[in-house]
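Reviewing the structure listed below.
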Amino acid sequence: MFKKMIAFVLAVVMSAGCISASAATFRGVDINGDGKINVTDLVKMAAFVKGKRTISASAQKKADLNSDGKVNVTDLVMQAAFIKGGKTNDQKINKELADELAVLVNKERRSRGLNAYLYSSELSAAASKRAQEISKSYGHNRPDGRECFTVLAEYGISVTSAGENIAYGFNTAQSACDAFMNSAPHRSSILDANKTYMGMGAYRASDGTVYWAQLFANGSGMSGKQV
């Protein structure tokens, strides 16, 4: 029966090009916690969707790959597309997510008459490092206990002012941006009229959880462009 489930899901992937294409920005999820993302995870997801088995609440949250509040055949398609596609360039996917978040941030600013941030490659490199760090130790201190902004010097950045937003558990840039904008302190950083540069970082951990880091700053050692 499980083989039939897999065959059905893979058949859907083959016929639903638009959905499987969007799955390129997802890494898939490790449902059973064995450190791998494979057919076993797809089987468990399919059984849950069909009402045949239960999975933990944390697994359900991860399995909602398109962040629409449901685990259904769309998520199965995305999971199957990842598994069928084999190896994925995680670094490229993380950058795509970060780039998309940068566009959304400036969309929010422009809609309120604010100047767009300059999207800095240097600040984004630091934000990417922070996204990876918060997957190990979540908070505004680094895993070794230093404050978050010490990461900036490692990328040749000297700041006169800086701010950091972090989040995790949101599978898409849009859902992460919405979460930031729905929180007053995070929203104030995004809409800060006194800062010039932004850097965005995204990191998908081995269990499928996506960690997000935003850095906003004034200072030197940063170049950027509007997005």
Side-chain angles (χ1 to χ4, degrees), residues 22 25-30 56-71 75 78 90-109 111-112 114 116-117 119-121 123-152 155 159 161-192 195 197-217 227:
S22 67
T25 58
F26 294 91
R27 191 183 182 277
V29 287
D30 176 16
S56 68
S58 60
Q60 290 180 44
K61 185 175 181 180
K62 295 172 190 174
D64 180 16
L65 287 174
N66 65 346
S67 298
D68 66 354
K70 299 174 288 186
V71 179
D75 303 297
M78 289 180 165
D90 290 347
Q91 187 174 358
K92 180 181 179 181
I93 290 174
N94 292 338
K95 186 178 186 305
E96 288 174 354
L97 290 171
D99 289 349
E100 185 179 354
L101 183 58
V103 171
L104 292 170
V105 164
N106 272 347
K107 182 179 178 180
E108 294 288 352
R109 289 178 66 83
S111 72
R112 292 164 173 81
L114 295 169
Y117 278 125
Y119 189 32
S120 165
S121 58
L123 202 56
S124 292
S128 296
K129 179 68 174 291
R130 286 292 297 136
Q132 187 171 359
E133 288 181 347
I134 63 174
S135 73
K136 301 173 183 177
S137 177
Y138 188 77
H140 291 294
N141 285 334
R142 305 179 72 182
D144 63 6
R146 290 179 296 163
E147 65 141 2
C148 59
F149 300 120
T150 59
V151 73
L152 300 175
Y155 295 89
V159 297
S161 62
E164 178 184 71
N165 285 346
I166 58 175
Y168 73 95
F170 302 99
N171 289 322
T172 65
Q174 185 65 67
S175 61
C177 187
D178 289 345
F180 284 134
M181 290 301 295
N182 287 330
S183 166
H186 297 90
R187 183 171 61 248
S188 66
S189 291
I190 289 174
L191 302 179
D192 189 340
K195 291 190 176 66
Y197 296 98
M198 68 174 173
M200 300 288 128
Y203 176 74
R204 185 178 289 274
S206 60
D207 67 355
T209 302
V210 183
Y211 293 82
W212 304 86
Q214 299 179 313
L215 289 170
F216 309 99
V227 294

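Just so it is clear, the structure is predicted and the values come from calculations on it, not from any experiment. Values below: all heavy atoms of this structure, side chains included; hydrogens, waters and symmetry mates excluded. Positions are given from 1 along the sequence.
- In this structure the side chain of Arg204 reaches within 4.5 angstrom of the side chain of Asn171, judged on heavy atoms.
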>> side chain to side chain contact (heavy atoms under 4.5 Å, CB included) for Leu97 and Trp212? Distances and angles first, verdict last.
In response: CA-CA 9 Å; Leu97 290 171; Trp212 304 86; 3.8 Å; yes
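- Minimum heavy-atom separation, Val105 to Met198: CG1-SD, 3.8 Å.
- Formation of a donor-acceptor pair under 3.5 Å by the Asn106 side chain with backbone atoms of Ala116 is not found in this model.
- The CG atom of Asp144 sits 6.5 Å away from the OG1 atom of Thr150 when rounded to the nearest 0.5 Å.
- Once rounded to the nearest 0.5 Å, the distance linking CD of Gln214 with CG of Leu123 reads 11.0 Å.
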>> Between Arg109 and Leu191, is the side chain to side chain contact (heavy atoms under 4.5 Å, CB included) condition met? List the steps.
In response: CA-CA 6 Å; Arg109 289 178 66 83; Leu191 302 179; 4.1 Å; yes
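- Considering every non-hydrogen atom in both Val29 and Lys62, the closest pair reads CG1-O, 3.2 Å.
- Judged as a salt bridge (charged side-chain N to carboxylate O under 4.0 Å, His left out), and not counting sequence neighbours, the contacts of Asp99 are Lys95.
- Ala131 and Ile134 get closest at one heavy-atom pair: O-CG1, 3.2 Å.
- The closest side-chain donor-acceptor pair between Gln60 and Asp64, if any, does not fall under 3.5 angstrom.
- Note that CG of Leu215 is 12.5 Å distant from NZ of Lys129, once rounded to the nearest 0.5 Å.
- Scanning both residues, Met181 and Arg187, for their nearest heavy atoms gives O-NH1, 2.6 Å.
- Partners of Glu133 by salt bridge (charged side-chain N to carboxylate O under 4.0 Å, His left out), not counting sequence neighbours, listed by chain and number: Arg130, Arg142.
- To the nearest 0.5 Å, atom CD of residue Gln174 and atom CD of residue Glu100 are 7.5 Å apart.
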>> Working note: Glu108 + Leu114, criterion side chain to side chain contact (heavy atoms under 4.5 Å, CB included); need CA distance, chi angles, decisive distance, verdict.
In response: CA-CA 9 Å; Glu108 294 288 352; Leu114 295 169; over 6 Å; no
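- Here the closest heavy-atom approach between residue Ser124 and residue Gly199 is recorded as OG-CA, 3.4 Å.
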>> side chain to side chain contact (heavy atoms under 4.5 Å, CB included), that's the test. Do Lys107 and Val103 meet it? Break it down for me.
In response: CA-CA 6 Å; Lys107 182 179 178 180; Val103 171; 5.5 Å; no
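- Here the rule is ring-ring contact (aromatic ring centres under 6.0 Å, His included) with Phe216, and of Tyr117, Phe180, Tyr197, Phe149 only Tyr117 fits it.
- Between the NZ atom in Lys136 and the OH atom in Tyr203 there is a gap of 6.5 Å [rounded to 0.5 Å].
- Minimum interatomic distance between Ile166 and His140 (heavy atoms only, all atoms of both residues): CG1-CE1, 3.7 Å.
- Atom OG of Ser188 is separated from atom CG of Asn165 by 7.5 Å, given to the nearest 0.5 angstrom.
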